[in-house]
Amino acid sequence: MRHRELNDPGRTEQGVELSQRARVRAGDHDEFGVLFCEHARAVYNHAFRLTGNWSAAEEVVSLTFLEAWRLRGTVRPDGGSLLPWLLGIALNVARNVSRAARRQQAAMDRLPKAPDVPDFADDLAGRIDDAERLEKIHAALSTLRRTERDVLALCVWSGLNYAEAAEALGVPVGTIRSRLSRARRKLQREPSAASEQVTGDRVGGTR
């Protein structure tokens, strides 16, 4: 834990150290840097699962923290980790990035086809396998409503508990439970093995 001087903006006039939520809300640049260091990897992993694309995931991370800085005044002063808040922002950012990518791809598809250039880089093999698995998972998720996909991504993929997912999405805890239950029932009816990877037991709500 970092130690702050009494005249540090992260302390009150009485010398009481403020929480990270309070410091971020107040626009503390240093604390926002700490927030990035603590959670950038989790946001990236979340974004990659949502987009299935590494460069898009990197873009989502950048835009998420830019948006988080813009929305810092909306942070509630009480509560625990700010990761649920960040992942909620990342959901919307990833949706916008994917929508823009689809529009760009549609425009590219209308252009004359360029000759294929083979890529023999061995270090891409694992990434290609990951992308293929994600493609199958996304196909299974396409059977769900958007609200159900959001809850499943937060609870199963990113390991948030029900309360944290509720904070991320701004809905009651009971809504999270019911949406996750519906999503699991629908996916269990899917014959694809990919459905097993998105209905696992790693749900934060059990903590």
Report the residues that fulfil salt bridge (charged side-chain N to carboxylate O under 4.0 Å, His left out) with [X], sequence neighbours left out, ordered by chain and then residue number.
X	value
Arg182	Glu148
Glu67	Arg70
Arg41	none
Arg21	Glu167

At their closest point, which heavy atom of [X] faces which heavy atom of [Y], and how far apart are they?
X	Y	value
Ala168	Leu154	CB-CD1, 4.0 Å
Ala47	Val60	CB-CG1, 3.5 Å
Ala40	Val61	O-CG2, 4.3 Å
Gln20	Leu35	OE1-CD1, 3.7 Å
Ile176	Cys155	CG2-SG, 4.0 Å
Ser98	Thr51	OG-CG2, 3.8 Å

Mark yes or no for whether [X], through its side chain, and [Y], through its backbone, hold a donor-acceptor pair below 3.5 Å.
X	Y	answer
Thr74	Leu71	yes
Ser158	Leu160	no
Arg49	Trp157	yes
Thr175	Val171	no

Do [X] and [Y] come close enough that some side-chain heavy atom pair is under 4.5 Å?
X	Y	result
Leu180	Val156	yes
Trp54	Tyr44	yes
Phe48	Asn53	no
Leu152	Leu187	yes
Ile89	Phe65	no

First locate atom [atom1] of [X], then atom [atom2] of [Y], and finally report the distance between them rounded to the nearest 0.5 Å.
X	Y	atom1	atom2	result
Asp150	Leu91	CG	CG	4.5 Å
Ser19	Asp78	OG	CG	9.0 Å
Arg25	Leu82	CZ	CG	11.5 Å
Ser81	Glu164	OG	CD	7.0 Å

Step by step, work out the side chain to side chain contact (heavy atoms under 4.5 Å, CB included) result for Arg23 and Val34.
CA-CA 11 Å; Arg23 292 195 292 269; Val34 172; over 6 Å; no
Between Asp28 and Arg72, does at least one N-O distance fall below 4.0 Å, as a salt bridge requires?
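No salt bridge links Asp28 with Arg72.
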Take Arg179 and Arg149 through the test side chain to side chain contact (heavy atoms under 4.5 Å, CB included) and record every step on the way to the result.
CA-CA 9 Å; Arg179 287 178 183 176; Arg149 291 197 300 270; over 6 Å; no
Is the distance between the ring centroids of His29 and Trp69 under 6.0 Å?
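Between His29 and Trp69, which both carry aromatic rings, the centre distance is below 6.0 Å.
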All side-chain contact (heavy atoms from CB on, under 4.5 Å) counterparts of Glu59, not counting sequence neighbours:
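Testing Glu59 for side-chain contact (heavy atoms from CB on, under 4.5 Å), a comparison that skips the adjacent residues, returns Leu63, Val97.
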Would you please name every residue forming a side-chain contact (heavy atoms from CB on, under 4.5 Å) with Ala42, sequence neighbours left out?
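Ala42 satisfies side-chain contact (heavy atoms from CB on, under 4.5 Å) with Leu83 once adjacent residues are dropped.
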Are side-chain N/O atoms of Ser181 and Arg185 paired as donor and acceptor at under 3.5 Å?
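Ser181 vs Arg185: donor-acceptor pair found between side chains.
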